[in-house]
Each structure stands twice: as structure tokens, then as C-alpha cells.
There are 2 protein chains.
Amino acid sequence: MKDPYALLLEHIGRNINLGPAEEELVTGLFRERSLKPKQFLFQEGEILKSQVFVTSGCLRSYAIDHNGFEHILQFAPEGWWIADMQSLLDQVPGKLNIDAIQASTLLQIGMSDMERLYREIPQLERHFRLLLERSVVTYQNRLLDNLSLSARERYEHFCRAYPTLIRELPQKQVASYIGVTPEFLSRMLRQPASRKG
Amino acid sequence: MKDPYALLLEHIGRNINLGPAEEELVTGLFRERSLKPKQFLFQEGEILKSQVFVTSGCLRSYAIDHNGFEHILQFAPEGWWIADMQSLLDQVPGKLNIDAIQASTLLQIGMSDMERLYREIPQLERHFRLLLERSVVTYQNRLLDNLSLSARERYEHFCRAYPTLIRELPQKQVASYIGVTPEFLSRMLRQPASRKG
DNA sequence: GGCGGGAAATGACCTAGATCAAGTCTGCCG
DNA sequence: CGGCAGACTTGATCTAGGTCATTTCCCGCC
């Protein structure tokens with residue numbers, strides 16, 4: 001079992017270099033927490049108060065539409081951040097739910113402490129800028145996939161993007177992520193992906 | 001006709017405060033450029049070399065799928081940034097096309113100059129972090145819309161999100177943005193949006 | 001070792017939206 | 001003014017994927 005704080009510092013260290021004092025400041029402000037499978041971190045209508053970094057296990061965020069269907073926006077395995085950003089940034093009731101799909105541990109930091117970190121370690125702005133750039137690219141690609149690919153192609157992309165996850169996820173969650181019904185995904189997987197060209 | 005550089009500084013000024021020397025540094029590194037309607041800024045397969053800030057008119061970015069259909073990722077009217085971020089960040093051949101849908105003017109800065117700006121004005125990291133946060137939220141919402149809403153609902157959202165743009169855009173581009181065929185959008189608009197509940 | 005509940009499979013049927021193929025309408029360029 | 005290329009419309013038909021209901025499977029739990 002790896003030290004969660006070490007994981008966080010390593011993660012940050014990929015983009016910027018922190019001195020020992022800075023590392024201490026960072027680790028001093030994050031608090032550990034663990035979640036059991038299916039336990040909620042955040043529910044629709046609440047106001048999200050903290051940034052969350054996953055140190056083990058896996059969380060997911062999803063929205064529920066007006067027919068009661070779940071649409072998964074993000075999986076967050078070890079080493080990822082997860083949030084309802086709209087709620088967090090504007091301190092407004094969120095539209096997402098976030099829960100653990102496995103027993104998980106995470107590090108949490110309140111918004112005012114986060115702002116303090118930005119003030120005292122301006123380099124962190126850079127770290128998160130770089131993360132967010134990747135995040136935008138990822139969402140753009142996923143959006144284009146949804147606009148231009150068939151369900152089967154989206155499934156294949158998913159398998160390539162999350163080769164580990166796919167083996168531990170219930171099929172219905174994959175369905176919900178790629179945007180098809182569980183029934184349809186089930187049928188699709190039974191069908192022998194037509195050879196082409 | 002507003003000064004394009006003033007527009008850029010005003011834009012940045014919404015997030016951070018620059019001193020006169022910093023403002024001069026910024027404006028000194030951006031170069032003006034203009035595009036005629038339909039003129040390309042960037043085409044699939046090229047490697048994007050610069051950040052682009054739109055100062056008048058409107059650009060769009062879109063991908064072409066394996067059936068030859070366009071899918072519009074973004075419209076960038078005055079005051080917005082536009083790029084093929086994947087290409088720009090990784091200096092890799094891009095999958096997007098970017099062109100002007102109206103006569104447009106823009107400010108451009110090469111990547112090395114941009115890095116210099118980040119070095120000399122670290123606050124800019126913050127500015128772009130804040131922009132990118134908004135951008136992620138926007139893409140998340142659009143993705144959820146695509147996963148959970150009908151074509152008509154997506155159209156309505158679009159009208160609310162871009163009330164000005166909708167009046168000057170050809171219908172087929174709206175169709176391409178919301179992810180339906182032009183034929184279907186045409187029919188849909190002819191149908192009197194069923195009253196419900 | 002039986003049982004309760006969620007996950008998956010499966011069958012029959014349905015529909016939003018796509019496709020293809022003609023038209024028409026419009027604006028702009030020579 | 002004439003013509004022609006794009007944008008929009010319209011009709012007929014098709015299909016990927018959805019819906020609903022039933023059954024089976026599997027796994028954790030008492």
C-alpha cells in the first residue's frame with residue numbers, strides 16, 4: 001500500500017518541481033478519506049466544497065436525465081482528480097453524482113485551502129493549467145467520438161482507453177459511458193464484429 | 001472598429017491584473033491577421049504553431065469523419081480562443097480544420113513566445129487555468145447534452161447558448177454542431193414543437 | 001445450501017433520426 | 001440580366017439503437 005501523499009506529490013512532480021517546504025505545505029492541507037463501494041462522495045443538488053484526488057480504487061461521476069437514466073461523465077481511478085466542476089467553481093447546486101465503484105481512498109482539500117496553495121505556490125497554477133489542457137483535449141475527443149462514431153466503434157475506443165478498467169466494470173456502466181442502453185451493448189457484444197475491408 | 005490589442009488585454013484583465021510593462025510585453029508578441037470568409041486557418045494533417053485569439057468575426061473548428069461528414073466542435077466569435085489543442089500541445093498532425101465563417105481578424109502568438117510569456121508573467125498561468133476550467137465545464141455539459149437529450153432539446157440549448165450566432169449561421173452548420181443531419185433539422189423546425197405537460 | 005437481488009441475455013416490437021433522391025429557392029458573380 | 005452553386009425543403013424508405021417484458025445467471029449473504 002503506497003503512501004497516498006507520496007502519490008499526490010509524484011503526480012504534481014510530473015509538471016513542476018516543489019521544494020521540501022512546499023511539499024510539506026501541500027501535504028499538510030490535504031486530508032485522507034476512504035469510501036466503501038457504492039458510497040457517495042457527492043450528490044446532485046449539493047454544493048461541492050473540495051477538490052478530490054483519488055489515491056486508490058475508483059470513483060465515477062454521472063448525471064441522471066429526466067427519464068431516470070444515468071450517464072457517466074468520468075471514471076477516476078488512482079491518480080486522477082474528480083469533481084462536479086460547475087458546482088465547485090460557482091458554489092452552486094451540482095447536477096452530478098459522484099460515488100465509489102470500488103473501495104477507494106482519496107485526498108481532499110477545501111476551496112479556501114486550495115486558494116491558499118495557489119497563492120503560496122504560484123507554480124501550481126501551471127500544474128493545473130497543464131492538467132486542464134489534457135482534460136479539454138480528452139473531452140473534445142470524446143465529444144467527436146459521440147458525434148461521428150457508431151456504438152461499436154465507441155466501445156472499441158473505450159477498451160483501448162481503459163484496458164484495465166474494462167475488466168472490472170459491470171457492462172451496464174460501460175454502456176452508460178459510451179451512451180447506449182445495457183441491452184444494446186449486450187446484444188452488440190454477442191455479435192461477431194463484422195470484418196470489413 | 002475596436003483595437004484588437006485592447007480587446008485582448010481587456011479579456012486577460014478579467015482574470016488578472018497586468019502592469020503597463022507586462023501589457024506591452026503581451027501586445028508586443030501577438031501579431032494581427034485577418035481571414036476572409038471560408039479561408040482556412042488550419043487544416044487536418046498540419047501541425048498547429050500558434051495560439052489564436054479572435055478579435056472580430058467568427059471562426060469554427062470541425063472534424064471530418066470517415067464518411068466525409070463535418071462535425072463542428074467549436075464556434076469562436078470575438079473574444080474567444082480557438083485551436084486544435086492536441087496538435088498544438090503535442091506538435092502532432094491535427095485532426096481538426098479551422099476556418100472563418102465570416103470575415104474575421106485575430107491575434108496570433110507562436111508557441112515559443114507563449115512560453116516566454118508564461119515565464120515572464122506567471123500570472124498568465126492563472127488566467128489560462130481559469131479559462132480552461134470554464135472550457136472543461138462547457139464540454140462536459142455539451143457531452144451530457146449529447147448523451148441525454150433529443151435533437152430538439154439540443155437545438156433549444158444551442159439557441160439559448162448562442163442567441164446571436166444562430167441568426168447568422170446557415171442551418172446546416174447548426175445541424176453539424178448539435179449532431180443531426182441538415183435534412184432532419186429542416187424537418188424538425190417545420191414541426192411545431194409539441195406542447196407537453 | 002437456499003434465497004434474494006442486481007447483472008446480463010434474449011425476444012418482439014418501436015421510433016428518432018439517417019439516407020437517398022428529387023426538387024426549389026436564393027444570392028451572388030460575371 | 002442570366003446562370004449556377006449552395007442552402008433548404010420534401011418525400012419515400014431504411015436502420016441503429018431504444019423500449020419493455022421475461023428469463024436466466026451469478027454472487028454475496030443468512
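In the text below, chain A, chain B and the rest are named by the order of the sequence lines, each starting its count at 1. Note that this is a predicted model, so its numbers are computed, not measured.
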A.B. asks: Using a 6.0 Å distance limit plus a 45 degree cone around the ring axis, check whether A/Arg187 lies over the aromatic ring of A/Phe184.
C.D. replies: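 Here A/Arg187 fails the 6.0 Å and 45° test against A/Phe184.
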A.B. asks: Can A/Arg60 be said to sit on top of A/Tyr62's aromatic six-ring, NZ or CZ under 6.0 Å from centre and within 45° of the ring axis?
C.D. replies: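 Cation-pi check for A/Arg60 and A/Tyr62: passes.
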A.B. asks: In this structure, are over 12 heavy atoms from other groups packed under 6.0 Å from B/Trp80 atom CH2?
C.D. replies: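 Atom CH2 in B/Trp80 is not packed in, count stays at 12 or less.
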A.B. asks: Would A/Arg129 and B/Tyr118 count as a cation-pi pair here, with the cationic atom under 6.0 angstrom from the ring centre and within 45° of the axis?
C.D. replies: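 Yes; both conditions hold, so A/Arg129 lies above the ring face of B/Tyr118.
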A.B. asks: Taking the six-membered ring of B/Tyr177 as reference, does the NZ or CZ atom of B/Arg154 fall below 6.0 Å from its centre and within a 45° cone about the axis?
C.D. replies: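 That pair does not qualify as a cation-pi contact.
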A.B. asks: Report each atom pair, protein N/O against N/O of nucleotides 8-15 of chain C, whose distance is under 3.5 angstrom.
C.D. replies:
| from | atom 1 | to | atom 2 | distance (Å) |
| --- | --- | --- | --- | --- |
| C/dA8 | OP1 | A/Gln171 | N | 2.6 |
| C/dA8 | OP2 | A/Gln171 | N | 3.3 |
| C/dA8 | OP2 | A/Lys172 | N | 3.0 |
| C/dA9 | OP1 | A/Arg190 | NH2 | 2.8 |
| C/dA9 | OP2 | A/Gln171 | OE1 | 3.1 |
| C/dA9 | OP2 | A/Ser186 | OG | 2.7 |
| C/dG11 | N7 | A/Arg187 | NH1 | 3.0 |
| C/dG11 | O6 | A/Arg187 | NH2 | 2.8 |
| C/dA12 | N6 | A/Arg187 | NH2 | 3.4 |

A.B. asks: What residues form a ring pair (Phe, Tyr, Trp, His ring centres under 6.0 Å) with B/His127, not counting sequence neighbours?
C.D. replies: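 Listed in chain order: B/His11.
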A.B. asks: On DNA chain D, which is the earliest and which the latest nucleotide, 5' to 3', with an atom closer than 4.0 Å to a heavy atom of chain B?
C.D. replies: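 Nucleotide range with atoms under 4.0 Å of chain B: D/dA7 to D/dA12.
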A.B. asks: Assess whether atom CD of B/Glu24 is packed by more than 12 heavy atoms of other residues, nucleotides or ligands within 6.0 Å.
C.D. replies: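 For B/Glu24, atom CD is not crowded (no more than 12 foreign heavy atoms under 6.0 Å).
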